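As the structure is a computational prediction, the values presented were derived from the model and not from experiment. Residue numbering restarts at 1 for every chain, and letters A, B, ... go by the order of the sequence lines.
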Amino acid sequence: MEARQAMIATYDDIHSLVGAVRSIREQGCEDVTVFGPIMETELEEVLGKPASPVRRYALLGGITGLVCGLALTVWSSYYYPLVVGGKPLASIPAYVVIAFEMTILFAGISALIGMLIHNRMPTFKLHPAHDPRFSEDRFAVRAVCDPGRAAKIEEVLRSYSPGEVRRDR
Amino acid sequence: MATAAPPAESPFAKVNRDIIGALWEPDWRYRILILALLAVLGWAGFAWIYQIKTGMGTAGITHPVMWGAYITNFVFWVGIAHSGTLISAILYLLRSGWRTTINRAAEAMTIFAVMTAGLFPLIHLGRVWYFYFLAPYPNQRMLWPNFRSPLIWDFFAISTYFTISLLFWYSGLIPDLASVRDRMMGLRGRMARIKEKIYGALSLGWQGTDSQWKNYRRAYLYMAAIATPLVLSVHSVVSWDFAMAITPGWHSTIFAPYFVAGAIFSGIAMVITLSVPFRWALGLEDYITEYHYDNMAKLLLLTSLIVGYAYLAEYFMAWLSGDPIEWESFRWRAVGAYSGPFFIMVTCNVLIPLLCFWRRIRRSIKAVFVISVFVNIGMWYERFVIIVTSLAHEYAPGAWGLYKPTWVELSITAGSFAWFLLWFMLFAKTLPAISITEVKESIAEGVWSPGDKKEGA
Amino acid sequence: MSEIKRRDFLKILGLSGASTGLMGCAQEPAKKLIPYLVQPEEVIPGVANWYASVCRECPAGCGVHVKVRDGRPIKVEGNPDHPVNAGRLCARGQAALQGLYDPDRIAGPLRRVEGRDEFEPTTWDEAEALLASRIRGLRRTGQAERLYLISDGAVSSLDRLFEAWLDAVRSPNRIVHESFDVEPLREANRLTFGRAEIPRYELDRAELILSFGAGFLETWISPVQYTRLFARSQSFRDGRKGRFVHVGPRLSLTGSNADEWVPARPASAMMLALAMTRVLVAEGRAGGRAAVLRPLVEPFTPERVSEATGVEAEQIERLAREFADVPASLALPPGVEMTHRNATATHVAVNLLNYAADNFGRTVRFGPNVARRRPADLTRWTEVIEAMRSGAVDMLLVHGSDPVHTLPPSLGLSGALENVGLMVSFASHMDETAAHADLILPDHTPLESWGDHEPEVGVHTLMQPTINPLFETRHTGEVLFSLAARIGGNLGAQFLWPDYSAYLRDAWRSVQLQFAPRDDFAEFWHAAVARGGVWREVETQSVTLNRAVAGVEFEEPTLEGDAAARFALIAYPSPTLYDGRGANRPWLQELPDPVTKIVWNSWIEIHPDVARQLEVRTGDVLAVSTPQGQLEVPAYVYRGIRADTVAIPVGQGHTHYGRWARDRGVNPLALLPGAADASSGSFAWLSTRVALARTGRRVQLVETQGADDDRGRAIAEVISLAAATEAERRARAAEQFHSEAPVEAAEDADPKSPYRWGMAIDLSSCIGCSACVTACYAENNIPVVGERRCAQGREMAWIRVERYYEHLIEEGSHGEASHGGSTQIGGGASEDLHVVHIPMMCQHCGNAPCEPVCPVYATYHNPEGLNVQVYNRCVGTRYCSNNCPYKARRFEWFNYEYPFPLNLQLSPDVTVREKGVMEKCTFCVQRIMMARSDANAQGRDVADGEVTPACAQTCPAEAIVFGNLRDPNSRVSQLARSGRAYHVLGELNTRPAVTYLREVAHGTEET
């Protein structure tokens, strides 16, 4: 079968971009990628992609940290029992502090790791469609669809006064 | 220089140009300053080595005042470290737009302050060459640290705080680093290529696709969410170094909130103190305006009131307790050998900040700057007063004594400031000192845009 | 990962050890160790040998046991069998080791460089040859009397050797010198009873001790013995406690333990004693003795005396009645510092008082007398000095005394010494007298030499060497032998002993005749050496009043000084430095003065009113002047001294003697005229008034104590006798139900452990002498830090004696100071000054605040309840010290040096701590270990009393008791259950293992 057609349109304000994206998705073009210096919740909704999995990482990390914290403190106190200040070997109230800090630490790190994994970062290989202006003041939408509907899509994109529209391999 | 800048430059492009343009090519003043800082740092380094070789006796600390300037500095710097994450995390969650232009600098400050604070527990160790005993590492005898000790809590809290702040700050930087990289693409010359490579690497290949943005914003949100309790916990833990001891003047339940407020107080003050010369030097007047100082001054006032309340509460409780030892300790704090520092503390932390009730003062950058300097001084003395006066005048009257810092302690204290400023100066010339992305966001959301002083607000 | 072989592991360990050593500028790794190839018999490495000997730090002559490890004496302790000190020792005795190991000792014979003020080494042979030829010269020209010999007043074989040797040389010029003599007492006894003797004072039998100023707990005659007896009389025992009334212008350490202080005018003791005697006679309390006494005391009505002494007539009468009414009373004479122009008469007056109260034979016993050679009186000294000045002294031998430093310069001794033909000193330290010598032939220190000493009649004690001589020194006795041999003639024939020990053995044959005539001498000798000597009870001899007493003129002595000189000057023997011989012992210099808590310096005590008049504070330097001289000395404002009196301790102000003594403080003798007591001729210490003037200069007087009163925190508690009795009664009632119950603190140890070590300190016994402090320094390798660091608060004492000016604490009402009976405490003059001494060390708390805050477990609670400090683990956060309410912890601020040979004293049982670690009292854990391993070896538990920490061991007042709290019958448990027991700062619930027993003070009752 023939290759699908990719099209790139750049806009210089985010609202027309949002409009453009909404319409092409109404046209049934699913494979849409947006580039831009910032992002807005509205746009995320329009794109309608599944929610980010990062939160699960954060949660798991947090739980792991909590368990590790408590385990380390309690276990080590019993492994090498030393009585101090007439306190019980497992001085839970004191150990809670440790556990808390470790919860935070693990949650934070794993959230970041999750982000990196799902963003396929780090990498040196930039997207073929990448353009320096996308990190400055330009927004771009890259739509991929069957060559058959390409013309229609392009027309829609143009209707939102883009900076430029070009076809892309 | 901007790549194919359109005739009428878009506000976004202007942001890029201003902020990225502020980087590199430091002038001679900058270089002189760096050298001066290095000199001070070198002297402090010598002082520390001398102390290690000769013994802690070279410092003024003594029986019964076993903690002095070092721990004072430790608490002071940890306190400074608190504004950053507060401004970025808490204000981020509160969606307060005015943070956008100062959060990057504040976070950087946080990290450098923690790096400074982290030195002092080492400097004050009697046998610093065994510092690793404090770390929970598996060893020959499977002997672990004493997790009941507030100092170990410190170890965990501070290291966690450092890691999280660093990651938080870095993840905030990623899109900006990418835009620096992209800017470099547009330039000619070997340096540009090298920088492109470096920033490219640092940006981890960010390219601003929607999915990247989505994950990124989630991650950032979560980190903000967990950084918030962390901020509160860290200085609480630091305060417990004292509150957990039975020493009169330390052994108090209000210490945690009291210290957290104090930390934010001193942190904000330090942000102000640093940002004023910094906005001028980098020509970012349009970005950090009266509007921001107004807001920061409000925060300063609020925390100052909390701190003042804490001072009163301490005395009230000491009196109410009817414990003669507790009361004697507080009485002596005010009228004893250290009444001078006490006076400085009250004046700088409680009285002077009251000026911020006047809007005119809040909106005068000069005034706010001066106030912030006083607050910094006052907060250093607050820690000094709490630590030294309590120890000097404890339970056993026969063992009362006094403490006077020596040149070693003073040099190392000076050195800590040099160390801190050095990092900050390097940061200002190498990384986007204002969050490009967030400025753009607030422009797009119409919250605020460069140059806007929000007179009406 | 493969298994590491043991060897490799050790290698790695060694390697890492070394590397930490390098990287950490930590203590250097151990040097190469060489084991004994041929092990000397009776030296087992790691096992201490104990040798009995005698302490020669003062004339008291306490018996000691010297602990020797691997040939090095490392600790001196009292000899438990000894009749004088019964196993106890004072701070000066503990510091005898630092005399032996003094780095400034004279290392060999020295000869003065012609015409210059320095010495050059010479050989013994040369030196003795020179000396012999000079003596031969004198004898040939028949001028042997131009040879003089000065020595101390100890009764010993060496003393007899001096006598014999001088006789043989045919010189009559033997001068006995003692810094602090008691000749007025001897003379008074001769006048009163015809006995020129010094009796034994049975303080423990006296229920009322009335002292006219003798520092009998500090330096007077036999302080350790008196302290023991005093404590027995004064400590609270089943509802009874003796009373101690201190009469005198100054509250000395001794006086600070008084129930009542009568601040009488200086030099007025005689009048008081007479007036009191008169009261007894007048009120018929003197029984049959009244008749003889009446004519003597008739003129001294309380009224008349009261204006002379500044003591209310009523008070005089009250005291007199109390004195007579108790079953047994004892009046003690004024001490050395109160010796004035009419001292003998004063002593006679005190004798009369004791006689009136019929104390002779009961609390004052002739028979078991104190043995002392009669020292040269001042007249004799003046002659000698004149002879020297006129060049009539061709040769002067000085042994065992330092007259230049201990006689008033106004006598002109040091100047006169310049005209002495050949001056020879046998000093082992370069003291002021030795510094004048032409030839120095250093003697061994007592711990290195054979010798003997007879401190009391019937007590013959032996000294034996505990170490080979450290330096090129030679026993003076042996020098005399070899001189005799070189001189030849009758001398050569007379002194044929190969060495001094041989002479000593022969000398002791006479002792054997008294004790065990039939025994084989060798056995007797061995037994005596092992035991430290031989002694027997001497029966009391009764006394009758002597006619001569009628001739005694009781007249008020006048003090010199013009109108400007308003303050009577008391120059008192230092409790820590004695006459100054302790001044080069760092332990003693750093031992806080028991009263002022000042270290490393001299001071002048002035009353607050005087301070106000002169507008000076403690530390302001005053110019103190008399016609004889002027001194600049910092003021110490002290409520325990009369406003018309000032006091300066003797002992500092050395110009030589060693690095620690030189140019430190002042010697008050420089102010004193060469006045003498009329009858005995002994030097009058209290003879002049001084003028004070401000210099405007200020120095830091280093006091090791923070605040002087405990702010009503009940650190050191005092209760009335009634309260104490009641408390005891309740406690005993409680015990009837559960007498077996161990004390609460006993729970704070591993349930499986048979021990919970604890301590009990009876404040009603503790007199604050601070012997425990020095004992602790000696036992635990505690470094001395010097004045500057003390000023910063960095002294390292593990145990300190806190001195508080206290108020009465009523039973139960903790912290509230009630002024009950303050009228009586302090006797009016100095309002309600009451001094309490409280030893403070690590309390080994069950809930130790220091433990949980340590991040690395460097301090924790061990299974036997000890709060242990793990030096190896300590990183030095110092948090533990911040959290210790007793401030008992010390920090190693530096690595401290022990200049050779001081390092030889370090105990191998105790770690020498590295800079940067915390340390504190360990309850002498090394002794506990020792006892436990012995007990385990014999398969039993450690018995009560088997372990004694250094402080408890040496305490002359027997105030400290150590033991196992888990054993309900141990002494410490019983004391801990006492009604007077309390914990310092107990409200903090630290559950200390140290229990204090409240001090009980008379005159604190409301009624």
Side chain from CB out, backbone as N, CA, C, O: work out which of these in [X] comes under 4.5 Å of a heavy atom of chain A, or both, or neither.
{"X": "B:Tyr216", "answer": "both"}
{"X": "B:Pro229", "answer": "both"}
{"X": "B:Ser203", "answer": "backbone"}
{"X": "B:Ala225", "answer": "neither"}
{"X": "B:Asp176", "answer": "neither"}
{"X": "B:Met223", "answer": "side chain"}

Check whether any side-chain N or O of [X] sits under 3.5 Å from a backbone N or O of [Y] as a donor-acceptor pair, and report yes or no.
{"X": "B:Lys440", "Y": "A:Glu136", "answer": "yes"}
{"X": "B:Arg148", "Y": "A:Leu89", "answer": "yes"}
{"X": "A:Glu101", "Y": "B:Thr160", "answer": "no"}
{"X": "B:Lys214", "Y": "A:Pro50", "answer": "yes"}

Contact check, side chains of [X] and [Y], non-hydrogen atoms, under 4.5 Å:
{"X": "A:Thr73", "Y": "B:Trp144", "value": "no"}
{"X": "A:Thr123", "Y": "B:Leu204", "value": "no"}
{"X": "B:Trp206", "Y": "A:Asn119", "value": "yes"}
{"X": "A:Met115", "Y": "B:Gln212", "value": "no"}
{"X": "A:Val97", "Y": "B:Phe156", "value": "no"}

With a 4.5 angstrom heavy-atom cut-off, could you sort out which part of [X] is near chain B: side chain, backbone, both or neither?
{"X": "A:Phe139", "answer": "side chain"}
{"X": "A:Phe100", "answer": "side chain"}
{"X": "A:Lys87", "answer": "side chain"}
{"X": "A:Leu47", "answer": "side chain"}

First locate atom [atom1] of [X], then atom [atom2] of [Y], and finally report the distance between them rounded to the nearest 0.5 Å.
{"X": "A:Ser52", "Y": "B:Trp213", "atom1": "OG", "atom2": "CH2", "result": "14.0 Å"}
{"X": "A:Ser77", "Y": "B:Phe147", "atom1": "OG", "atom2": "CZ", "result": "7.0 Å"}
{"X": "B:Ile152", "Y": "A:Tyr95", "atom1": "CD1", "atom2": "OH", "result": "11.0 Å"}
{"X": "B:Phe155", "Y": "A:Ile98", "atom1": "CZ", "atom2": "CD1", "result": "9.5 Å"}

Practice problem: Flag the one option from B:Leu143, B:Ile174, B:Thr437 with the top tally of heavy-atom pairs under 4.5 Å to chain A. | Solution: B:Leu143

Exercise. Flag the one option from B:Ala219, B:Ala157, B:Ala178 with the top tally of heavy-atom pairs under 4.5 Å to chain A.
Key: B:Ala157

Side-chain polar contacts of residues 27-45 of chain A - donor-acceptor pairs under 3.5 angstrom, sequence neighbours left out - could you list them?
residue, atom, partner, partner atom, Å
A:Glu30, OE1, A:Arg25, NH1, 3.3
A:Thr41, OG1, B:Arg217, NH2, 3.2
A:Glu44, OE2, B:Arg217, NE, 3.3

Smallest separation among heavy atoms of [X] and [Y], with atom names:
{"X": "B:Ser179", "Y": "A:Ser135", "result": "CA-OG, 3.2 Å"}
{"X": "B:Pro136", "Y": "A:Leu72", "result": "CB-CD2, 4.4 Å"}
{"X": "A:His130", "Y": "B:Asp182", "result": "NE2-OD1, 3.2 Å"}
{"X": "B:Trp153", "Y": "A:Ala94", "result": "NE1-O, 3.4 Å"}
{"X": "B:Ala13", "Y": "A:Asp137", "result": "CB-OD2, 3.7 Å"}
{"X": "B:Ser171", "Y": "A:Leu112", "result": "CB-CD1, 3.8 Å"}

Quiz prompt | Intermediate values then yes/no, side chain to side chain contact (heavy atoms under 4.5 Å, CB included), B:Gln207 and A:Phe134 | solution = CA-CA 8 Å; B:Gln207 41 205 319; A:Phe134 295 167; over 6 Å; no

Quiz prompt | B:Arg193 CZ: over 12 foreign heavy atoms closer than 6.0 Å | solution = yes

Quiz item: What residue, out of A:Ser76, A:Ala51, A:Ala107, has the most heavy-atom pairs lying under 4.5 Å from chain B?
Solution: A:Ser76

Self-check item: Partners passing ring-ring contact (aromatic ring centres under 6.0 Å, His included) against B:Phe133 (at least two apart in sequence or in another chain)
Solution: B:Tyr130

